[in-house]
K.L.:
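Structure provided below as structure tokens; questions to follow.
Order of the sequence lines fixes the chain letters, A, B, ..., with proteins taken first and strands second; residue numbering starts at 1 for each chain.
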There are 2 protein chains.
Amino acid sequence: MSKKYFKPMSFSITEENYIKAIFHLQQEEGTVSTNDLASVLSTRAASVTDMLKKLKTKKLLSYEKYKGVRLTSEGKKLALAIVRKHRLWEYFLVNKLQFGWDEVHEVAEELEHITSRKLVEKLDAFLGFPRFDPHGDPIPDSHGKMLVQQQINLIDLPVNKTAEVCAVGSQSTELLELLRHKNIGIGTKLEIKKKFSFDHSIEIRVRNQPAFTISQQLAQALFVKTV
Amino acid sequence: MSKKYFKPMSFSITEENYIKAIFHLQQEEGTVSTNDLASVLSTRAASVTDMLKKLKTKKLLSYEKYKGVRLTSEGKKLALAIVRKHRLWEYFLVNKLQFGWDEVHEVAEELEHITSRKLVEKLDAFLGFPRFDPHGDPIPDSHGKMLVQQQINLIDLPVNKTAEVCAVGSQSTELLELLRHKNIGIGTKLEIKKKFSFDHSIEIRVRNQPAFTISQQLAQALFVKTV
DNA sequence: TAATAAATTTAGATTTGTCTAAAAAATATT
DNA sequence: AATATTTTTTAGACAAATCTAAATTTATTA
């Protein structure tokens with residue numbers, strides 16, 4: 001009666017996408033609402049309700065009518081496995097196939113659903129067990145553990161303190177296009193020269209380049225660690 | 001009104017699997033029967049009929065009731081694109097991720113349905129534009145062209161003529177396990193020392209190793225090119 | 001060629017994931 | 001607290017891909 005004889009349940013791509021979405025929403029708010037899920041998944045609340053009932057019977061989440069939803073530890077385990085695959089593939093696409101870091105998200109959304117466990121482990125080894133993906137997000141290891149970086153929002157960085165960009169707040173192509181234009185990426189070292197309270201824009205300096213200002217919205221979308 | 005503005009139709013994984021199966025069956029027989037398809041796809045004849053009607057409206061194949069089916073040039077183009085992806089991924093799995101060549105088929109069956117065109121082209125470049133996959137099958141290029149190797153069945157190789165294994169007749173794990181045990185793979189150089197008409201077994205010699213005999217069935221599953 | 005067998009198609013049902021519209025519950029407002 | 005608003009759930013329907021069972025067409029054979 002050993003663990004070996006549990007046959008691992010498998011889930012549809014749709015189910016996996018629900019689990020992943022709940023996982024990400026759960027980071028901020030404790031429990032996740034039907035409407036939020038519907039909006040993130042571009043579907044209708046009624047569809048979400050149906051799926052939640054199904055995923056509850058599969059023990060991936062706990063759900064009470066009208067009370068919102070939380071992943072069980074089983075659900076979290078699955079979510080981490082999917083996130084792991086997503087970020088490993090992103091790393092592969094950028095560092096081996098020479099994709100731009102702003103064009104890998106959609107492809108990784110597909111690749112993350114490939115089921116072979118062996119593939120993931122071999123890919124991880126091939127890539128040299130990277131700890132962070134090209135957007136600066138941590139990659140869970142094979143046990144679901146990931147390093148947490150001591151990172152703060154750029155808007156909160158004190159003036160004249162050098163820091164390194166280590167994550168972005170969203171994967172939208174609009175943001176990534178802007179960053180590319182301004183030549184800012186993961187690993188970019190910068191410091192704030194001035195904060196303008198009028199519009200909360202900030203003047204930053206990258207390396208030895210001349211200073212320039214960025215908007216509040218952009219600053220809020222960047223996370224840095226002090227170096 | 002240029003080609004650019006055609007939006008490329010996209011197909012479900014199921015539809016792609018039908019197209020691929022028809023493509024492979026079509027190689028041998030001219031037209032493909034409903035029952036053969038059902039058997040290859042592990043489904044029922046009735047389901048096949050339904051799908052054929054659908055794929056006909058999508059102009060991927062020509063189909064008349066009770067008359068069997070053939071791919072149109074559109075269908076062939078799609079099939080070649082899928083085969084290309086399948087074989088490129090197999091090459092990747094074996095030559096970059098260190099998979100055994102007998103364990104890549106199932107994973108490649110999943111990876112071949114990833115849609116990004118850019119991914120395929122970049123993968124191809126990353127791999128150095130390989131012409132043959134780990135089983136010796138030719139990889140179509142981005143235009144769907146593939147090299148045809150001058151290959152013959154091992155059973156037809158003349159005695160004492162050195163040849164190189166370049167393809168296998170099936171991907172069954174049973175076959176691949178046997179080949180692994182006997183240390184025969186793509187690229188193995190060998191020659192036939194003797195043919196036994198009693199059971200059609202043959203005695204072969206690999207490199208400088210002692211000769212050994214293999215069964216008719218095994219010999220028929222191996223393709224070689226003379227060197 | 002008529003009868004039989006095999007292959008194929010139709011008809012109707014099922015499952016998965018979705019939808020709309022309406023009902024019910026929770027939350028907010030006066 | 002009563003009413004209005006928002007959120008969520010139910011009920012019923014739909015499309016995709018499948019199934020079984022029955023009907024039809026083609027092929028075989030006596």
K.L.:
Scan T14(A) against the nucleic acid and name what it touches under 4.0 Å (heavy atoms): base, sugar-phosphate only, or nothing.
P.N.:
sugar-phosphate
K.L.:
Give the rounded distance in Å between these two atoms: OH of Y63(A) and C1' of dT7(D).
P.N.:
11 Å
K.L.:
What residues, two or more places apart in sequence or in another chain, satisfy side-chain contact (heavy atoms from CB on, under 4.5 Å) together with Q151(A)?
P.N.:
Q149(A), C166(A), A167(A), F223(A)
K.L.:
Over how many whole Å does the gap from D50(B) atom CG to dT8(C) atom C1' extend?
P.N.:
12 Å
K.L.:
Would a distance-only check, ignoring hydrogens and angles, find a side-chain to backbone donor-acceptor pair under 3.5 Å from K20(A) to A79(A)?
P.N.:
no
K.L.:
Quick one: label S47(B) by what it contacts on the DNA or RNA (base, sugar-phosphate, nothing), any heavy atom closer than 4.0 Å.
P.N.:
base
K.L.:
In whole angstrom, what separates I13(B)'s CD1 from dT16(C)'s P?
P.N.:
17 Å
K.L.:
Send over the distance from F11(A) CZ to dT16(C) P, rounded to a whole Å.
P.N.:
14 Å
K.L.:
Can you list, by residue number, the residues of residues 31-46 of chain B that have a non-hydrogen atom closer than 4.0 angstrom to DNA chain C?
P.N.:
S33(B), T34(B), N35(B), A45(B), A46(B)
K.L.:
Which residues pass the side-chain contact (heavy atoms from CB on, under 4.5 Å) test with I139(A), not counting sequence neighbours?
P.N.:
R87(A), L88(A), P130(A), D133(A)
K.L.:
Can you name the residues that form a side-chain contact (heavy atoms from CB on, under 4.5 Å) with H113(B), not counting sequence neighbours?
P.N.:
I13(B), E16(B), N17(B)
K.L.:
Mind checking what makes salt bridge (Lys or Arg N to Asp or Glu O under 4.0 Å) contact with R131(B), not counting sequence neighbours?
P.N.:
none
K.L.:
Please name all residues satisfying salt bridge (Lys or Arg N to Asp or Glu O under 4.0 Å) with K53(B), sequence neighbours left out, ordered by chain then number.
P.N.:
none
K.L.:
dT16(C) C1' sits how many Å from L55(A) CG, rounded?
P.N.:
13 Å
K.L.:
Apply side-chain contact (heavy atoms from CB on, under 4.5 Å) to L97(A) and list each qualifying residue two or more places apart in sequence or on a separate chain.
P.N.:
F92(A), L93(A), F99(A), L119(B), K122(B), L123(B), F126(B)
K.L.:
Whole Å only: how far is the CG atom of L52(B) from the C1' atom of dT9(C)?
P.N.:
11 Å
K.L.:
List for me each residue that meets side chain to side chain donor-acceptor pair (under 3.5 Å) alongside S33(A), sequence neighbours excluded, and say none if there are none.
P.N.:
D36(A)
K.L.:
Examine H135(A) together with H105(A) and report whether their ring centres are nearer than 6.0 Å.
P.N.:
no
K.L.:
When you measure from the side-chain N and O atoms of Y18(B) to the phosphate of dA16(D), is any distance below 4.0 Å, counting only OP1 and OP2?
P.N.:
no
K.L.:
Give me the distances for all protein-to-nucleotides 23-28 of chain C N/O pairs that come in under 3.5 Å?
P.N.:
unit_1  : atom_1 : unit_2 : atom_2 : d
dA25(C) : O4'    : Y66(A) : OH     : 3.4

K.L.:
For M51(B) and dA16(D), what is the distance between atoms CE and C1' respectively, to the nearest whole Å?
P.N.:
8 Å
